[in-house]
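I have placed the structure first, in the form of structure tokens, so that the comments after it can refer back to it.
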Amino acid sequence: MSDTAISISDLGYFYRPDVWVLRHCEARVARGGVFAILGPNGRGKTTLLHLLIGASKPREGSLAVRGRIAFVPQLFEASFDYTALDMALMGRARKIGLFSQPSRADVEATLSALDRFGMADFAERPFGELSGGQRQLVIFARALVAEADILVLDEPTSALDLENQALVLERIAALAREDGLTVVMTTHQPHHALAVADDALLMRGEGDYLAGKARDILTEESLRSLYRAPLKRLAFEHEGVEVETIAPILTPTRRANIRSQTATKAEGAA
Ligand SMILES: Nc1ncnc2c1ncn2[C@@H]1O[C@H](COP(=O)(O)OP(=O)(O)OP(=O)(O)O)[C@@H](O)[C@H]1O
């Protein structure tokens, strides 16, 4: 079997004719790895995910996806009052069939998936009564029981507190390293990408992409120019483990500068 899960070749997309959101995008997602997509707001990350899952068709270039995808969107609303367990069990729909009841094995596999995301105790709670972050964790479990080859996650940590961010990042790494799944995720947190991603794609603007090993391309220089904000890549030892992270530099002076620039712009516009 090929070691490439997704090949992206000269990919282009627009919503309105000739207003390209994405153009000449090239990347390769390795099978069994974590691939992080980063870029400022509006650079086309979600658009690229929609192309990967087949919700939109390329206007230009091509994509080859080898394997079945499960998609976890950023926000998930349910229209009916299913329990968390019902919601996660829907991931088994392909296995169970439309009019059949889930087997004991289906329920056990789903409870175990809920447990992996710290949600076993919430199995009987109405999904609609869970917090946004708790719903997100249930939807991860649903994607897991779908037994897909590729998980596509849109900002998987954005609704989560620090403890659950760490849990989900640890699970993402384990899904790739232990279960052999391929994970594609968008993120606004370069330190999350550095912590779990093997490879990354920096979406710098239409026609301007940088793809490569996460450790090699998530540099201070590339991220400073990507986000136009200072940050520092740090390496240190914590509890006997070498840790590498990326910290944004938000000093009071910088915040004051941003505020005064915003005020000057507003005065200029008035
Ligand atoms: N349905 C749509 N119709 C027209 N334009 C759209 C549509 N969806 C997105 N766009 C535009 O496409 C561009 C890319 O949007 P996209 O949501 O892919 O960016 P993103 O990188 O995911 O942003 P964010 O980080 O803010 O989530 C933006 O300029 C956006 O305004």
Side-chain angles (χ1 to χ4, degrees), residues 33-41 45-46 49 70-77 84 87-88 112-123 125 127-144 151-179 181 183-200 202 214-215 217-220 223-224 226-227 229-252 254-255 258:
V34 179
F35 185 89
I37 302 172
L38 297 99
N41 293 126
K45 299 179 296 298
T46 304
L49 293 195
F71 178 51
V72 178
Q74 226 179 97
L75 289 175
F76 194 95
E77 299 296 337
M87 195 50 107
S112 147
L114 284 168
D115 192 38
R116 280 185 83 174
F117 286 98
M119 292 304 290
D121 291 346
F122 294 80
R125 290 268 296 273
F127 183 78
E129 290 178 15
L130 301 179
S131 75
Q134 290 167 336
R135 281 184 217 178
Q136 183 80 358
L137 295 167
V138 171
I139 298 304
F140 281 125
R142 188 171 86 149
L144 193 57
L151 288 185
V152 173
L153 315 174
D154 196 3
E155 293 186 35
T157 53
S158 61
L160 304 178
D161 66 27
L162 280 179
E163 184 185 3
N164 282 322
Q165 285 178 21
L167 172 85
V168 164
L169 290 172
E170 183 206 299
R171 290 292 174 267
I172 287 172
L175 288 171
R177 274 144 223 154
E178 292 165 20
D179 300 77
L181 286 171
V183 181
V184 178
M185 59 182 262
T186 57
T187 181
H188 283 299
Q189 307 294 341
H191 62 296
H192 289 183
L194 188 63
V196 294
D198 302 289
D199 299 303
L202 307 189
R215 288 188 61 122
I217 66 170
L218 295 171
T219 61
E220 283 178 16
L223 293 168
R224 277 175 195 217
L226 183 68
Y227 295 112
L231 37 82
K232 186 114 191 102
R233 187 159 151 178
L234 304 162
F236 53 91
E237 199 187 288
H238 173 71
E239 296 179 351
V241 178
E242 272 298 316
V243 179
E244 261 201 292
T245 192
I246 296 164
I249 300 172
L250 290 173
T251 61
R254 178 168 162 77
R255 286 203 296 269
I258 292 169

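We're numbering straight along the sequence, starting at 1.
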- Item | Derivation and outcome, side chain to side chain contact (heavy atoms under 4.5 Å, CB included), residues F122 and V138 | CA-CA 9 Å; F122 294 80; V138 171; 5.8 Å; no
- Sidechain-backbone polar pair: D179 side chain, L181 backbone, donor-acceptor under 3.5 Å: no
- Note on the structure: One should read off an interatomic distance between D161 CG and Q134 CD, to the nearest 0.5 angstrom, of 9.5 Å
- Could you tell me whether the side chain of T186 and the main chain of I37 form a donor-acceptor pair under 3.5 Å? no
- Query: What distance separates M119 CE from R125 CZ, expressed to the nearest 0.5 Å?
  - Reply: 8.0 Å
- Query: Taking atom CD of E237 as the centre, does the number of heavy atoms from other residues, nucleotides or ligands within less than 6.0 Å exceed 12?
  - Reply: yes
- Item | V168 and Q136, any side-chain heavy atoms less than 4.5 Å apart | no
- Message: Out of the candidates I172, I139, V196, only one should pair with P156 under the side-chain contact (heavy atoms from CB on, under 4.5 Å) rule; please name it.
- Response: I172
- Message: I'd like to check L151 versus F140 (side-chain heavy atoms, cut-off strictly below 4.5 Å). Are they in contact?
- Response: no
- Quick one: are P248 and Y227 in side-chain contact, heavy atoms under 4.5 Å? no
- Do you know which two heavy atoms are closest between A197 and A214, and how far apart they sit? O-CB, 3.4 Å
- Task: Can you see which heavy atom on G128 is nearest to which on R135, and at what distance?
- Result: O-NH2, 3.2 Å
- Query: When you look at CZ of R177, are more than 12 heavy atoms from neighbouring residues, nucleotides or ligands closer to it than 6.0 Å?
  - Reply: yes
- Item | Within-4.5 Å side-chain heavy-atom neighbours: H188 and N41 | yes
- Task: Could you grab the distance from atom CG of L218 to atom CG of L226, nearest 0.5 Å is fine?
- Result: 9.5 Å
- Enter the distance from L169:CG to T187:OG1 here, rounded to the nearest 0.5 Å. 8.0 Å
- Item | For R215 against R233, the heavy-atom pair lying closest together | O-NH1, 2.9 Å
- Message: Can you give me the closest heavy-atom contact between V34 and M185, atom names plus distance?
- Response: CG1-SD, 4.2 Å
- Query: At their closest point, which heavy atom of I217 faces which heavy atom of A200, and how far apart are they?
  - Reply: CD1-O, 3.3 Å
- Item | Approximate separation, where rounding is to 0.5 Å, of L162 CG and L167 CG | 12.5 Å
- Note on the structure: Residues D154 and Q74: closest non-hydrogen pair is O-CG, 3.5 Å
- Query: So, the side chain of R116 versus the backbone of R171: is there a donor-acceptor pair under 3.5 Å, distance only?
  - Reply: no
- Query: Would you say Q165's side chain and L160's backbone share a donor-acceptor pair under 3.5 angstrom?
  - Reply: yes
- Would you confirm whether K232, through its side chain, and T245, through its main-chain N or O, come within 3.5 Å as a donor-acceptor pair? no
